[in-house]
Structures are given as structure tokens and as C-alpha cells.
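These numbers come from a predicted model, not from an experiment. Residue numbering restarts at 1 for every chain, and letters A, B, ... go by the order of the sequence lines.
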Amino acid sequence: MFPYPSGAGLHVGHPLGYIASDVYARYKRLCGFNVLHPMGYDSFGLPAEQYAIQTGQHPAVTTKTNIEGGTDKDGNVIPGYRNQLDKIGFSFDWDREVRTSEPNYYKWTQWIFKQIFNSWYNNESDKAEKIDTLIEKFKTEGNTTVKAATDFEDSFSAADWNSWSEEEQQAMLLNYRLAYLSDTWVNWCPALGTVLANDEIKNGVSERGGHPVEQKLMRQWSMRITAYAERLLKDLDTVDWTDSIKEIQKNWIGKSQGAAVFFDVDGFEDKIEVFTTRPDTIYGVSFMVLAPEHELVSKITTADQKDKIEAYQKAAAAKSERDRMSDVKTISGEFTGAYAIHPFSGEKVPVWIGDYVLATYGTGAVMSVPCGDQRDWDFANHFKIDIPNIFKDVDISEGAYAEKDAVITNSDFLNDLKVKKATKLAIYEIEQKGFGKGKTQYKLRNAVFSRQRYWGEPFPVYYKGDTPYVLDNNDVVELPEVDKYLPTEDGDPPLARANKDAWNVDCPGDRMEFNTMPGWAGSSWYFLRYMDPTNENEFVAKDKVNYWQNVDLYIGGAEHATGHLLYSRFWTKFLYDLDYIPFEEPFKKMINQGMIQGNSALVYRIGLGVLSTNKNNQIDLKSLPNLFISKDLKKRLENEDLEANILVDKKIREINSRIKEANPNVNGEVTTTSRKYIPFRHSDINFLEGDILDIEKFKNWRTEYNNSEFLTEENGDFIVGREIDKMSKSKYNVQTPDDLVEKYGADTLRCYEMFLGPLEQHKPWDVQGITGVHGFLKKLWRLFHNDEALDISDAEPTKEELKSLHKTIKKIKEDIERYSFNTPVSTFMICVNELTSLKCNKRAILSDLCIILSPFAPHIAEELWNKLGNTESITYAVFPEHNEEYLTEANHKYPVSFNGKMRFMLELPKAMGKADIEATVMANEQTAKYLDGKTPKKVIVVPNKIVNFVI
RNA sequence: GCUCGAGUGGUGGAAUUGGUAGACACGCAAGACUUAAAAUCUUGUGUCCAUUAGGACGUGCGGGUUCAAGUCCCGCCUCGAGUACCA
């Protein structure tokens, strides 16, 4: 549990997952487990900073208020997350609370950053190692024997390395460090004034705020997550997560296997490297396409094509990511005039540029096989390029054939082979002849790790010239005070505003790092800190992390699939590699709770206008009241109902005469501007009793509604329309847990949120049903009481009472263990209904009932537990075991079916054998009736299940 | 477009392994108590036909497997989520 503490506070959707995990935690405690059930806050982030820019208030102040309660600058009361949570009765261990924005927490986020900075990824041992081991290798062997995760492709010798200056060596190391500074194409969001990671962009705009994003080459910190691509993919098999989240991560990592192939360029020394997943189709290549940004483009372009190519490059650069995405259908490109040499056939193939080839994926160049790839086919078709067919008996006149079941032809040594074999052979030949090699490519990009913002972790980094160094002590670098939370005039991030003495550390270099870390830094490892939240010497003590291990049950939203969940897996693997923690995956079992949707109320309005021939002294439009109409009346109007129309006309005449009375000299007539166009207003959930609007409250809500007119139903009720929406302040459909706790109690809220439906499912909030759960708790109370007084019997429970209790114990245990939190509430209701009709007030029964109910309704369970004479809290009780003896029955009620249709029930002894059952049922008079004299073709008897006759 | 998930009464949902579809609630209707309201309790409530007895239909649509399908298989429709020229 790790919410972002926003100023809006909690609505009923937020606690859903917390309630479920609290039920689980309390249940496991009753079963004798030591349960770590913590809560903390992911308290760095954009909203607090945006608010700070607007109001000048320090984000630390507003964040504290959001958590602990208080008032904002305008005097509005902020309830505070903690206060709201406390009302619901969670069994969180508050001693373990962490906040990412507290120096004693981000000290360790900075520490982890330093470890990542001081590490490289050894592809040979397939794990991260300390950078010292790499430096040692460079000193003695250069980089030729090193197999490391890096984008650096040239080689250098030990002599080279040793001859380099400190600055040059550090620059080289950045190519290998797992946290590194480099000039990369980043997603720049001008509106937010910062770069964003790929997962922070949805549909081409920023996830927060929906601002446009552009590509920009900037010197930024990145995390070499791509080094872990294969492990992040492979280890998905070891965790118990939903298929959909695993699928999203798989797609995001985007592994594809194929070959890297080099094509010579006619007349140049340079080669074009391409990546292909279909090396088997290499004889189908009839042209090549480079991304417009490809480095070779300007070099190989012939003089007569130069103008066209440059114009195209310019146009492509001007296109935003979004334009490019929305414009997938248009085919565009330009011929460079240059030719590449096909490695096998030696034929000349034209080299084009086109923006369908992305500079950021693979090598930024493709070998185009128009017969096998639809994009290549479209391109070839558009520019009238040759489309050679290399598939036997396949028609490619209408489009490419991308299926992998064809037989290859016209392909020399690959002829008559199927795709799989041809691919293998092609890679073999490519490697043999030195044209390239087999290669695995990932979509996953290295993650940009710096943000040009104030409210985030400062880097423990300083610069000497342009060379970054990490501070070599463990002191926290605290966020310095600044005069404004905005970039400087020179475009530097807000931290550049901090004076040298505003920093709590002495900068050993020229300056400190001005960027801050992204939101996912602190949230990538918080679960580890929960194990040891106050440790001043380590991020987590080894014995603690060895004891608690990884998270058993993680309940959170599915929206973190490509962000938080990927990054924390990455950091966990890194910390595992360096032997700081004993596990490779942070979260064993994950449940993604569904969204609780708002149920917006709509108040329909008829537009009013003024009809007048004279513009002088006309009725003031602003004096017209709002005319609202009830839902059913609106329906009738839409159906051209005459009576409804008369009602509206009458109302308008009333309004008209009232205005004229008040001001006799005005001219014009009030009229409806449109009877069909009926706009609406979302109505505040607090003004409603069911679907009935409290008209007086609504009128007083806003001054512009004070003189509103309402057309109600015949019984005087004003009915609102309904629409299912996201719960949000702007839609006036927010239900706070506080109101419900006030009205019904925390136990009712807890049980009701669970009762609403399966945890994973999205479901609309409907407060009406809450009375059912509330009634159940009252009924439970009455089991223990006669009128006001406690009335408990110490008599021996009956068989029936024991059966009711024990089947409930069994079901509750089973349900909780399969994470079904809605069905136990029904089960409790059934049990209480049964015990009520049995008039059971036996201590032996009710005592156990209290215990099994306590995870769901801890307050009432504790109170009744105490009333039963227990002095210790119910928290320390033991979850009872069910006794199978009480559940076994002598008889089973058989449904007897004829041709699969159930006709009647017949109760027979459980022990009765197949043959006896058949004989008994055959002898039954009802059977005779349904057989109607016929002999059944077949009789199916499944003991203790069913009997079915086939006639 | 591709990938994944989901479609059950008026509503939220239950049916865990193919074995009585609609548990438990809400809502609605009728009744009891009450001057009245609230609270509480009782009864009914998938649709259609039938006075009753009973019958037919019924888990998005069309087909299939099976003695038996909400559940398994094939094809389609709708909604939701992710992704977006990934070579």
C-alpha cells in the first residue's frame, strides 16, 4: 500500500484494496502468522509541485497537510489521508510508515542510485557487478574481452585506456554504468517543463495533464534497464500475476529474434546494418529504407537527390510524435540516389528514406521485403518498386504474405525450405560468410531517470567540468530551498536556483546536479524499507530482509503495469545481483483491484430564451431562471407526449407573467430555445436520496440556481438521470468514506465494499445497497441481545447450530484463501439468517462467529467479543478449525432429470450404491409419470450428485 | 490493426472440478406493527403461457461435443484495457 497523498483526499474507491488486504492480514494473524501490513506515502510528485508553483507554498507543507490534515491556503479543510484511513479501522503497523519525500527515506534512494551508478552489467555472468571489476579489466585487457551491456561498439586496448586522462576514462565508463549520463533522444514535455519516460506517455500525450510531447536530444540520466530485458521477461513465469499484466509487460519488453545483416553501400566504405526477424526472406529484398534521421543519409545521398532528401528530413523532423502516429496511413519517402549491394546476390538495391522506419528501434534501417511485409509492400506499390515473389504458389498481387507457413522459392540455397528451416539456414550462412549474425532485439528502451523538476529526490551527484561523480559518503543530499519552483531564465531546472549554501552538503566539484529523480525512484524499493523503516546504517538490514523475504500479496491497480511494476522488478534484480537481498522478484502474488466508478446524477434542463421583435428594453436573458425537468418527464417530452408539453408551456407562461409583473415595461416572450436539446448538470451526490433530488439543497448549492424552476413528477419527486463515470470531483459523483462511516459505521463500509463484487472487477458505486449490509450487522447484534440487554446462553449447541457455524467457518477460510472477498459477506449473512431463525444465542456458537467475522467487521466483533467476557483483544484469538463431522449428512437430495431437465428432488442415503439408487428412483411413482410408459435408453447415476434418464 | 479480459433477472452479483442457473443483497409489490413516519418483521419477485396443477423458454449471437454446458470446442457481435508503423 503506497498511495500518492493528493489534496482531494480519499473517495470510496481508494480504500477498496486496503480493506481487502486488511481482511487478509487480520485473517492470517488469526491463523497464527506474523503479518507485516504497512502503509506509507509516495509523496514526491508533480501535483504537489504544480500546486506549489501556483500558490508559492512549499510542497513539503502541502504534502504534510494532505497526509495529516489541516487547511489549505484558501481556508478549505483538508481531512488528511491518515485521519480518513484511521476511521476505517485498518490494522496497519504505523510504526513502519515511510514517506518517499522524507530525507531519512530518500537518503537510501540516493544510496541505491549510487550502487547502480557504480555497477556495470556483465553479460557473461548475466548479472550486475561492481564497476571496479570492469576498471580492472580495462587496465589489463582493454574492452575487447569484456562482454557488457553497452551501446558502445568500438574497441580499445589496455594501452589506450591507461593513456587516457581521468576525464576520458570517466566518459568511457558512462558507456558501461547501469546509471549513466548520455545524450539521448528524450520525450520532452514543454508544458510540464520536463522529460518523461515512455510509460509516462499515453496516446502520444503526457499521462499527467495530457500535454503534447516532442522528441529532443538532451543530456540526461538513464537507467540501463535493457540489460535486464531477458530476465525481466523470463521471470514473469515465476510470479503469480494476472495474464493481462504479464502480457502487457511481455509486449513492453517486446523480444524479437532474427539477424543483424550488413549491406555494403555502392561506392562507399560504409555499411548499412539492418535488423530482420525474417532472414529467410533475404532474396525478396528489392530496396532498403533508412529512417530520415539515420546518420548515413546525408553522406550517401547523391547530388541530384539532395534537395528532395533534405526537404523530406525537415518535414519529418517538424512532425510531432502525435502527428506521426495519427498519420500512419499516408505513405511517404524519398530516394537517396544511392544503392546498396545485396550480400548474397550482389545485385544493386535502391536505398530510400521513409518515416515508417523508426530511428529509435533496431538500427534505424530495414531491408525491405515487399512480398512478405505489408508496410514494405505498400511502400513498393506506392513508389512503383519491384515486388519479387519468393513464396511458392502464393499470390501477392493484392498484398504481402506475412504468414509463416509458406515454402521459399527463387532464393538460391533456401529454395523449397519452409520458414523455420530457412531462417535457421539463412542465419548460418550469414554468419559463415560474415554478412552479419543472429540477434535478439528488444523494444524495451533504457529508462530516462532525470526530471527537470523541484519536488523529487536530488541526485547525490556533483560535476567536475562535464564529468559527473557521486558523493563518496552516505550523507543524504537534502532538497535545497529555492525562491521559485520554476526553471531558471537560462532554462536550467529549479534546483539551479539554489545557492551554494542552500545545499546541506559541501560540493567537492564545480556544481551539484540540478535534475531530480523521477517519481518511480522512491516507489521502486519502498516495500524493502517497510521491513526496517528506521535503520540509519543500511537501507534494510540483512536479517530483516531474510526473515520477511518478498511480498506475499500485493494489491494494486493495473495502471502500473509498465511503470512501477517493471522498475521495481528491475531494482530488485539489481539488488539481488549485488547480494543485498535474497530474492529476484519483489511481488509473488498480485491482485489488481478494479476501479469503483462514480454514479453521476444528471439533472436535465430545458434551455430558455427570449422571443422579441424589438431590441430595446428586452427581457434580460440573465434574469431567466433555469428550468429543470424530472427524468421521466424528459422522456415523455422526447416521445412528443402532449400532456408533458402542456405542462412545460404552462410553466413557461408562469415564468413569463412573473417577469412581466415585476417589470411591466419589458417586451418579449420567454420561450424554449430548443425542446429537443436538453443539457444537463452533474449533481452532487449529497443532494440525493436514491434518485430523488433534494430541490431546496440543490437551489442553495450555487447562486445561479437560487431562482430555478423545477418540473417534478406527479407525486412531487424530482428524479435525476444516471450515468456511470470515473469518480472525480469535477463530476460531482464523489462519495467519501467519511460520510458513510459517520452514517453506518466503519464495519458496514468495510463489508459493503467487499460485498460489492469481485475485487478485480470494475464496478459502479451504488450506495443504496449499503442498507442490506447494515441490516445484517444489526441482525448480528440482535443475536446477542434481547432488547437492549445481553442475552447469552451457555447451553450445548444443537446439531443444526453447529452445522451452520462450521460450514461457515469452512467457506470463509476457503474464500479468503482464494482471494474471494465478496462471497464471505454473503456467507455471513446466510449464517446469521440461519442462527436467527434457530433463535441461537449460544456462547459456543457466537464466540467462534465473532472470530471469523472479525477480519471483515473488526469493531463490532471486538465489542461483542468483549461482551462475551473476553478480556484480551479478538486480534489475539485463534481462527477456529471447522469440524467435518458436523457437516456430513446422512442423505443427499438427488435432482432427478429426464433428458437433462430437472423434474423433481428425491432424498436418498449418501451411502446408497449406484444400482440401489437406480432401482429406488425407478420404483418412484413420479418417475413413472415422467417416463410415461417408455423404457429409458440409459440411466446415468452419479452418486451424491444427480440422476438423469435418457428417454 | 494486433494482444489480453469480460458479457448471467429491473440492479450489484453467486454457481470453486461439466452435474438443481439466479445464492446473498438492492429495488419493487403486498401485508403486519404504528395516528403517521422511521425502524423491524412476514410473503412474493427471471420471462412467457396457465385460475390451479403444471408447462415452455432462459447465462451476448450462431453452431458443435456430451446423458448433462453459464462452465469445454469452433465462428461471430458488443464492451473494457493495453499497444501503436517494432522491421
Side-chain angles (χ1 to χ4, degrees), chain A residues 202-204 242-252 254-256 258 274-278 281 289 321 324-331 354-358 360-369 372-376 378-379 402 441-444 558-559 561-562 592 594-595 690-691 722 752 755-758 760-773 775-776 778-779 782 811 814-815 818 820 822-831 833 836 893-905 936-942 944-951:
Chain A
K202 302 272 139 122
N203 297 320
T242 61
D243 288 342
S244 93
I245 295 269
K246 287 188 184 187
E247 202 62 34
I248 291 170
Q249 291 215 348
K250 266 182 205 162
N251 292 340
W252 191 259
K255 180 180 184 177
S256 49
V274 299
F275 174 74
T276 176
T277 53
R278 295 292 301 276
T281 62
V289 184
E321 187 81 348
R324 218 160 140 164
M325 266 166 57
S326 59
D327 196 22
V328 168
K329 292 270 148 25
T330 323
I331 295 157
D355 67 3
Y356 83 93
V357 176
L358 304 175
T360 50
Y361 182 74
T363 59
V366 300
M367 57 173 226
S368 298
V369 184
D373 184 288
Q374 191 57 44
R375 291 157 303 171
D376 295 346
D378 291 339
F379 195 84
Q441 184 77 40
Y442 299 91
K443 251 198 285 192
L444 184 70
E559 69 273 15
T562 51
N592 304 113
M595 202 171 48
D691 285 348
R722 288 290 182 182
Y752 185 56
F755 185 65
L756 224 44
E760 310 83 4
Q761 227 165 72
H762 294 311
K763 45 209 169 253
W765 177 256
D766 174 16
V767 79
Q768 285 197 48
I770 203 168
T771 54
V773 175
F776 147 70
K778 285 199 272 192
K779 210 164 167 181
R782 284 199 300 273
K811 174 107 171 102
E814 281 172 2
D815 282 355
R818 69 185 171 103
S820 173
N822 53 330
T823 47
V825 182
S826 308
T827 307
F828 285 127
M829 287 172 173
I830 293 167
C831 181
N833 287 346
T836 301
K893 279 182 186 149
Y894 283 88
V896 182
S897 315
F898 296 81
N899 286 339
K901 278 174 197 158
M902 207 280 285
R903 293 303 178 185
F904 63 90
M905 305 294 291
K937 284 181 198 144
K938 206 171 169 186
V939 185
I940 287 108
V941 177
V942 185
N944 295 314
K945 282 261 167 77
I946 52 106
V947 176
N948 189 16
F949 286 88
V950 187
I951 309 172

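- For the P atoms, the distance linking B/C72 with B/G27 amounts to 34 Å, nearest Å.
- OP1 or OP2 of B/A14 lies within a sub-4.0 Å distance of a side-chain N or O belonging to A/Asn822.
- When the C1' atom of B/A25 is taken as reference, atom NZ of A/Lys779 falls 12 Å away, rounded to whole Å.
- With no hydrogens or angles considered, no side-chain donor-acceptor pair links A/Asn948 and A/Lys938 at under 3.5 Å.
- Side-chain proximity of A/Lys901 to the nucleotides B/A23, B/A56, B/G19 is greatest for B/A56.
- Under the 30°/60° scheme for interplanar angles, the aromatic rings of A/Phe898 and A/Phe949 are found to lie parallel.
- In terms of polar N and O atoms assigned as donor or acceptor, the side chain of A/Lys945 never comes within less than 3.5 Å of the base of B/U17 in a complementary pairing.
- Nucleotides B/C24 and B/A32 are separated by 26 Å at their P atoms, to the nearest Å.
- The aromatic rings of A/Phe379 and A/Tyr356 sit tilted, their planes meeting at an angle between 30° and 60°.
- The phosphate of B/G13 has OP1 or OP2 within less than 4.0 Å of a side-chain N or O from A/Gln761.
- For the C1' atoms, the distance from B/C61 to B/G7 is 11 Å, rounded to whole Å.
- Rounded to whole angstrom, the span from the OH atom of A/Tyr356 across to the P atom of B/G1 amounts to 22 Å.
- Syn is the classification of B/G9, since its glycosidic angle stays within 90° of 0.
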